[in-house]
Protein chains: 2
Amino acid sequence: MKLEQAIQSTKFKNETHKAGLNILYTAWWLKTSFSQALKEYGLTHEQYNVLRILKGKNPEQMCVRDIACRMIEKSSNVPRIVDRLEIKKLVKRSVSSFDKRETMIQLTAAGLLLLEVTTKKADELFDNQLCVTDEEAKQLNELLEKLRQKEA
Amino acid sequence: MKLEQAIQSTKFKNETHKAGLNILYTAWWLKTSFSQALKEYGLTHEQYNVLRILKGKNPEQMCVRDIACRMIEKSSNVPRIVDRLEIKKLVKRSVSSFDKRETMIQLTAAGLLLLEVTTKKADELFDNQLCVTDEEAKQLNELLEKLRQKEA
DNA sequence: ATAATTTAGATGTATGTACATGTATTAGTA
DNA sequence: TACTAATACATGTACATACATCTAAATTAT
């Protein structure tokens, strides 16, 4: 669907302005599809993201700060997301013996298992839903990184 | 900043997968910059979006449903956003005489004024922060719309 | 004309974001 | 060593999203 249809608007200040809205809309669409796919497993996409980050170091633990700086949305409140994962017994919290201020998070066996199943689903979604060739994806990545040039 | 730095990750399944994450990250970055710029006016970017939509029809009123279908994030809860705009006297609610189920929303003079000021800021942000040429923006728009081809 | 269905929007709840503040612990300094 | 500053995380609040449910009004079917 063209952006014009999606947000019922035809007047854009210029192509760059339209691109900004297009990115916001595409991100919303992608998040929604993703959340939909994870729903039957009782996970939100933020919770999935935290599990996926933990997997990267598994079976090592990670502290909250290390998880936070790997999140896509930097302002995510990781302690709160971990709360919910802990209730579902997908992760375990413990105080770091190295630095008692740090809370170490570790995947449980259940968490690892659920992650493996959902990762398959998530990868399928990306492969099936995102209709660009490898070459186009590369181009898209370059354009997005150029666009963000003035990132603080 | 490269995506790899931003989310401290170098392993992507493929370029398309990376593009998906890149879109999500870019959208977060854009939203954050935007919210920052609106902050001194006491507006969130969702509230701004609703005001902007209302301006499109001003001085005509719009019903909640018509606003909702123009929102970038389709699952936005428009009545609640309107609640907050109403408290700030930026919009006015009234029952439609045409169909009493409908709530009609109209910009107040204060809303219109605030919108004009913030629109300038918002446009500046888009122009200054998004570092792509017109040609690149066009390409980006084409790629995003191709990517979303399988949109439901 | 009356009953059943659909629609519009308000509202409740769980989750998440954005940001401020509180508390414990560690690091740095006089 | 004692005092101060910084850090890690938990937690409170306002706003937003995602989705379910409720109420009133309009539409459709019988």
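Chain A is the first sequence line, chain B the second, and so forth, proteins listed ahead of strands; every chain is numbered from 1.
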[X] side chain N/O closer than 4.0 Å to the phosphate oxygens (OP1, OP2) of [N]?
| X | N | result |
| --- | --- | --- |
| Thr44(A) | dG16(C) | yes |
| Lys39(B) | dC19(C) | yes |
| Arg101(B) | dT23(D) | no |
| Thr103(A) | dA10(D) | yes |
| Ser76(B) | dT17(D) | yes |

inquiry  = Treating Asp66(A) as the side-chain partner and Met62(A) as the backbone partner, does any N or O pair qualify as donor plus acceptor under 3.5 Å?
reply    =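 Looks like no, no N/O pair under 3.5 Å.
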ask   = So, the side chain of Thr108(B) versus the backbone of Leu90(B): is there a donor-acceptor pair under 3.5 Å, distance only?
value =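 A pair under 3.5 Å: yes.
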Nearest whole Å is fine: how far is [N] [atom2] from [X] [atom1]?
| X | N | atom1 | atom2 | result |
| --- | --- | --- | --- | --- |
| Trp28(B) | dT17(C) | CH2 | P | 11 Å |
| Phe98(A) | dT7(D) | CZ | P | 15 Å |
| Lys31(A) | dA16(D) | NZ | C1' | 11 Å |
| Arg84(A) | dT17(D) | CZ | C1' | 13 Å |
| Asp83(B) | dG12(C) | CG | C1' | 13 Å |
| Glu102(A) | dA6(D) | CD | P | 19 Å |
| Met104(B) | dA10(C) | CE | C1' | 17 Å |
| Met71(A) | dC9(D) | CE | C1' | 15 Å |

request  = Would you kindly compare Ser35(A) and Pro79(A) by the position of their nearest DNA chain D nucleotide and give the one closer to the 5′ end?
outcome  =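 Final value for this comparison: Pro79(A).
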query = If you pin Val78(A) and Gln47(B) to their nearest nucleotides in DNA chain D, which one's is more 5'?
reply =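 It is Val78(A), whose closest nucleotide lies nearer the 5' terminus.
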inquiry  = Which is more 5' along DNA chain C, the nucleotide nearest Arg80(A) or the one nearest Ser96(A)? Just name the residue.
reply    =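 Here Arg80(A) is the residue nearer the 5' end.
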Residue met sooner reading DNA chain C from 5', once His45(A) and Lys100(A) are mapped to nucleotides =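 Of the two residues, His45(A) wins.
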request  = Could you check which of dA26(D), dC9(D), dA10(C) has an atom nearest any side-chain atom of Asp99(B)?
outcome  =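 Selected nucleotide: dA26(D).
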message = Any base atoms under 4.0 Å from Lys74(A), or only sugar-phosphate, or nothing? Heavy atoms, all strands.
response =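 The residue Lys74(A) makes no contact with any strand.
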task = Give Asn77(A) one of three labels, base, sugar-phosphate or nothing, depending on what nucleic acid heavy atoms sit under 4.0 Å from its own.
result =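 If one applies the 4.0 Å heavy-atom cut-off, Asn77(A) turns out to touch a base.
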key: Pair Tyr41(A) and Tyr48(A), ring centroids less than 6.0 Å apart   =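 Ring centroids of Tyr41(A) and Tyr48(A) are no less than 6.0 Å from each other.
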inquiry  = Taking ring pair (Phe, Tyr, Trp, His ring centres under 6.0 Å) as the definition, give me every residue that meets it alongside Phe12(B), ordered by chain and number, with sequence neighbours left out.
reply    =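 Partners of Phe12(B) under the ring pair (Phe, Tyr, Trp, His ring centres under 6.0 Å) test: none.
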inquiry  = Using 30° and 60° as the class boundaries, would you call the ring planes of His45(A) and Phe34(A) parallel, tilted or perpendicular?
reply    =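 Judged by the thresholds at 30° and 60°, the geometry between His45(A) and Phe34(A) is tilted.
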